[in-house]
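All remarks here apply to the structure that follows.
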Amino acid sequence: GVAGEDRAHPRLKADRKGELVEASRQLVHRGVHFRKELAVLLILATFVPGVGLEVNGNRNWLPLPGPLQLQPSEFAKLAVVLWIADLYARRQRKLGSVRSIIIPMVPVSGGIAALVVGQRDLGTALVLFAVIVGMLWVVGLPLRIEDQLFNCAAAIGQGRLLAVIPKTYLPTYQEFYEARWFTSAT
């Protein structure tokens with residue numbers, strides 16, 4: 001053998017790798033939640049009189065030392081994307097339920113977007129709403145019909161459901177292997 005070669009049993013190596021992967025997942029999960037909570041706290045700080053600064057009619061800035069200022073809603077955009085991605089990655093097996101897709105994603109991210117609207121920063125709020133819709137689009141909308149589960153996209157206009165379009169092409173490779181759960185519309 002080679003000097004320094006790991007002679008551990010292959011099963012023990014696999015167990016160690018599994019533990020390392022799980023520890024990494026937990027670390028990422030905690031970091032994502034920390035960023036989301038920090039972004040919310042910083043946005044809330046902009047509403048505190050004497051702390052938040054109003055610039056061009058928007059109360060969305062925090063003073064930093066010297067001439068610098070911080071706009072917490074910019075961090076919120078990244079935090080929301082990372083949090084939703086982490087949420088859906090952890091709920092991967094439960095995404096056959098509309099409830100698992102919507103709750104808590106829409107209330108939490110919608111609440112953050114509402115805080116940004118409260119700052120009168122409509123541009124960033126629109127970006128956050130686009131992120132929410134985009135993440136819903138990426139994860140899909142499961143629809144169960146006669147014991148078959150379809151991954152669909154929904155068209156909504158003027159507050160009404162206009163159409164539900166089931167996917168016809170379902171990827172069958174690596175992590176995108178949707179055919180495990182969904183039925184093709186063809």
Side-chain angles (χ1 to χ4, degrees), residues 19-95 97-142 151-162 165 171 174-176:
E19 290 171 8
L20 182 60
V21 167
E22 184 57 31
S24 298
R25 242 186 235 142
Q26 290 298 321
L27 185 63
V28 167
H29 176 66
R30 284 193 301 268
V32 164
H33 277 281
F34 173 76
R35 284 175 179 80
K36 176 185 56 113
E37 291 162 5
L38 179 62
V40 169
L41 288 173
L42 290 172
I43 290 171
L44 288 172
T46 65
F47 292 103
V48 176
V51 176
L53 300 175
E54 188 170 319
V55 177
N56 297 327
N58 297 342
R59 188 173 188 82
N60 59 350
W61 295 91
L62 293 174
L64 292 177
L68 303 175
Q69 296 175 347
L70 173 72
Q71 188 177 15
S73 57
E74 293 300 318
F75 292 108
K77 289 189 284 192
L78 178 61
V80 165
V81 168
L82 293 174
W83 177 72
I84 295 171
D86 176 65
L87 177 71
Y88 287 157
R90 287 182 296 107
R91 290 185 168 199
Q92 184 173 334
R93 297 189 194 282
K94 296 179 183 176
L95 293 180
S97 158
V98 174
R99 180 175 169 78
S100 291
I101 291 173
I102 301 294
I103 306 295
M105 192 280 274
V106 170
V108 171
S109 54
I112 293 170
L115 286 173
V116 173
V117 169
Q119 295 176 313
R120 290 175 266 167
D121 185 359
L122 298 182
T124 299
L126 286 173
V127 170
L128 282 169
F129 287 123
V131 163
I132 294 167
V133 169
M135 294 300 270
L136 286 170
W137 181 270
V138 167
V139 77
L141 176 68
N151 192 6
C152 303
I156 300 172
Q158 296 179 340
R160 294 181 15 220
L161 182 64
L162 302 175
I165 305 105
Q174 298 174 346
E175 70 270 17
F176 306 107

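FYI, side chains are in, hydrogens and waters are out, and symmetry mates aren't considered; it's all heavy atoms of this structure.
Distance check: Q71 CD to I43 CD1 gives 9.5 Å after rounding to the nearest 0.5 Å. Separating the CG atom in N58 from the CG atom in L53 is a distance of 12.0 Å, to the nearest 0.5 Å. In this structure, CG in N60 is found 7.0 Å from OG1 in T124, a value given to the nearest 0.5 Å. If you take OG on S73 and CH2 on W61, they are separated by 8.0 Å, rounding to the nearest 0.5 Å. Taking CD1 of I112 as the start and CD of E37 as the end, the distance is 9.5 Å to the nearest 0.5 Å.
Side-chain atoms of L128 and K77, non-hydrogen and from C-beta on, do get closer than 4.5 Å to each other. Side-chain contact between D121 and R59: absent, with no pair of heavy atoms (C-beta onward) separated by less than 4.5 Å. Annotation: side chain of F75 is not in contact with side chain of V40 (no heavy-atom distance under 4.5 Å). V108 has its side chain within reach of K36: a pair of non-hydrogen atoms, C-beta onward, lies under 4.5 Å apart. The closest side-chain heavy-atom distance from L115 to L44 is below 4.5 Å.
The neighbour count for F34 CZ, taken as heavy atoms of other residues, nucleotides or ligands under 6.0 Å away, does not exceed 12.
A pairwise comparison of heavy atoms in A39 and A76 identifies CB-CA, 3.8 Å as the closest pair.
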Please tabulate, for the side chains in residues 78-86, all donor-acceptor contacts under 3.5 angstrom to protein atoms that are two or more places apart in sequence or on a different chain.
from : atom 1 : to  : atom 2 : distance (Å)
D86  : OD2    : H29 : ND1    : 2.7
D86  : OD2    : R90 : NE     : 3.0

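For T46, the side chain to side chain donor-acceptor pair (under 3.5 Å) partners are Q119, not counting sequence neighbours. Applying the side chain to side chain contact (heavy atoms under 4.5 Å, CB included) rule to V51 yields the partners A45, V48, L62; only residues at least two apart in sequence or on another chain are considered.
Judged by distance alone, with hydrogens and angles left aside, the side-chain atoms of R91 form no donor-acceptor pair with the main-chain N or O of L87 at under 3.5 Å.
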